[in-house]
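Notes to accompany the following structure.
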Amino acid sequence: MSTGVTVLVTGGTGLVGQAMQAVSGGSPRADERWVYVSSADADLTDLAQTRALFDKHRPTHVMHLAAESGGMLKSMAHLVEMWRTNVAINDNVMLCVKEHKVEKMVSCLNTSIFPAMKEGPMTEAMLHDGPPHHVGEPYAYAKWMADVMSRAYRREYGCNFVCAIATNVYGPGDNFSLSDGHLVATMVHKCNLAKKAGTDMVVFGSGKPLRQFMFAEDLAQLMVWTMRNYNDEEPIILAPDESDVLSGEAVAGMVAEATGFIGKIIFDESKAIGQKRVMASNARMRRYLPDACFTPMGDGISKTVEWFSVNYDTART
Ligand code: NDP
C-alpha cells in the first residue's frame with residue numbers, strides 16, 4: 001500500500017470498525033485515507049446505493065466488515081433475514097469492488113462457518129470439509145459463501161479478495177442487546193441489571209461450551225495487518241492461542257468480578273444451544289506473526305464493563 005490509498009471500511013461504525021478507528025486514530029498512516037461508513041451512508045443490500053457509495057469514495061482498497069450479525073439467539077430468530085441481508089451485502093460489495101478495479105478487499109468471516117462434524121482445532125484447510133452447525137445455519141452459510149465467492153472472483157476476474165476468519169470478538173461499542181447481542185456483551189448488560197436490581201444473574205446455557213475470545217482492538221490490528229500483508233486465496237484465521245480457550249462460566253465469573261456483582265450466577269441449561277467446543281488454530285497466523293500479543297480477557301472485560309457503564313444511555317442495547 002502506498003500514497004494515494006483510500007481504504008473504504010464498510011461496517012465502520014460496528015464493534016470492529018470502532019476498534020479500528022480507536023487503534024489507528026482514523027487512518028493507520030498519514031498518507032492514507034481510511035473512510036468508515038455505515039448503513040446511514042448506504043444500505044449495502046441495495047445495489048444502486050452501493051454503487052453510489054463506491055462512486056463517491058473511489059476506494060483503492062476495501063475493508064469489508066459490514067454484516068447483519070449478532071448472537072445465536074438473533075441468528076435463530078431471524079433465519080431468513082440473516083441469510084438474505086448478508087448475501088445481498090456481500091454480493092453487492094464484491095460486484096462494486098470488481099467494477100471499480102479495487103486493488104484489494106479483505107472480508108471478515110467468523111468461526112461459525114467451520115464444519116460442525118469435524119474435531120477441532122479447525123484449520124483453514126478444513127473450511128470446506130462439511131456443513132456448519134445447524135443452529136442459525138443460514139447466517140453461517142451466508143458467511144461461508146463469502147469465501148466461495150471470493151475465490152470465484154479471484155479465479156474468474158483476478159481480483160485480490162482475501163478472507164480473514166475471526167473468533168468471538170467483544171469490546172467497547174459492542175451490541176449489548178439482551179436478545180441480539182454476542183455472549184460477552186449480553187452478559188455485561190445482564191450483570192449490570194442484576195447488580196442494580198439486587199437479583200441473581202441468569203445466563204442462558206450450561207456455561208460449559210468452550211470458545212476463543214478476542215478483544216476488538218486486537219482483531220482490528222490484525223485486520224489492518226492482513227490488509228497490508230496477506231494476499232493468499234486460502235483464508236487466514238485470526239485468533240488467540242488454543243490454550244486461551246474459555247468456558248462461558250469462566251467468562252461470566254470475569255464479568256461479575258469486573259462489574260462488582262456479588263450475587264449468584266444461574267446457568268439455565270434448558271437454553272443450552274450450540275456446539276460444545278469451537279476452537280480454531282492460529283498456526284498460519286503465528287507463522288507470519290510469532291510475537292502477536294492478545295489482551296488478557298480479564299483486562300478486556302474490565303475495559304468493556306467500564307465503557308458500558310459510562311455509555312449506558314447511548315450504547316446499543
Ligand atoms: P456490528 O454488528 O457491530 O456492526 C455491523 C456494521 O455493519 C455496522 O457498522 C452496521 O452499520 C453495518 N451494516 C449492517 N447492515 C448494513 C447494511 N445493510 N448496509 C450497510 N451497512 C450495514 O458487527 P461487528 O463489528 O461485530 O462485526 C464486523 C465483522 O466481523 C462482521 O462481518 C462480522 O461477521 C465479523 N465477525 C464478528 C465477530 C463478533 O464476535 N462480533 C466474530 C467474528 C467475525 P450501522 O451502524 O449503520 O447499523
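If you're wondering where the values come from, they're calculated on a predicted model, not measured in any experiment. Along the sequence shown, residues are numbered consecutively beginning with 1. One-based numbering, in listed order, for ligands and for the atoms of each.
With Cys96 as the partner, the side-chain contact (heavy atoms from CB on, under 4.5 Å) test is satisfied by one option alone out of Val62, Asp91, Thr50: Thr50.
Using modelled atom types, one finds a donor on one side chain and an acceptor on the other under 3.5 Å when comparing Asn160 with Asn231.
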Give the C-alpha distance, both sets of side-chain angles, the deciding distance and a yes or no for side-chain hydrogen bond (donor to acceptor under 3.5 Å, both in side chains) between Trp83 and Glu81. CA-CA 5 Å; Trp83 163 266; Glu81 292 74 19; over 6 Å; no
Report the C-alpha distance between Ser270 and Asp268 in whole Å, list the side-chain angles of each, state the deciding distance to 0.1 Å, and finish with yes or no for side-chain hydrogen bond (donor to acceptor under 3.5 Å, both in side chains). CA-CA 5 Å; Ser270 71; Asp268 180 355; 2.5 Å; yes
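Closer than 4.0 angstrom to ligand 1 sit non-hydrogen atoms from Gly11, Gly12, Thr13, Gly14, Leu15, Val16, Ser38, Ser39, Ala42, Asp43, Leu44, Thr45, Leu65, Ala66, Ala67, Ser69, Ile89, Cys108, Leu109, Asn110, Tyr139, Lys143, Ala166, Thr167, Asn168, Val169, His182, Arg316.
Within a 6.0 Å sphere centred on CZ of Arg84, other residues, nucleotides and ligands contribute 12 heavy atoms or fewer.
Remark: Lys190 is positioned above the aromatic ring of Phe204, its terminal NZ or CZ atom under 6.0 angstrom from the ring centre and at most 45 degrees off the axis.
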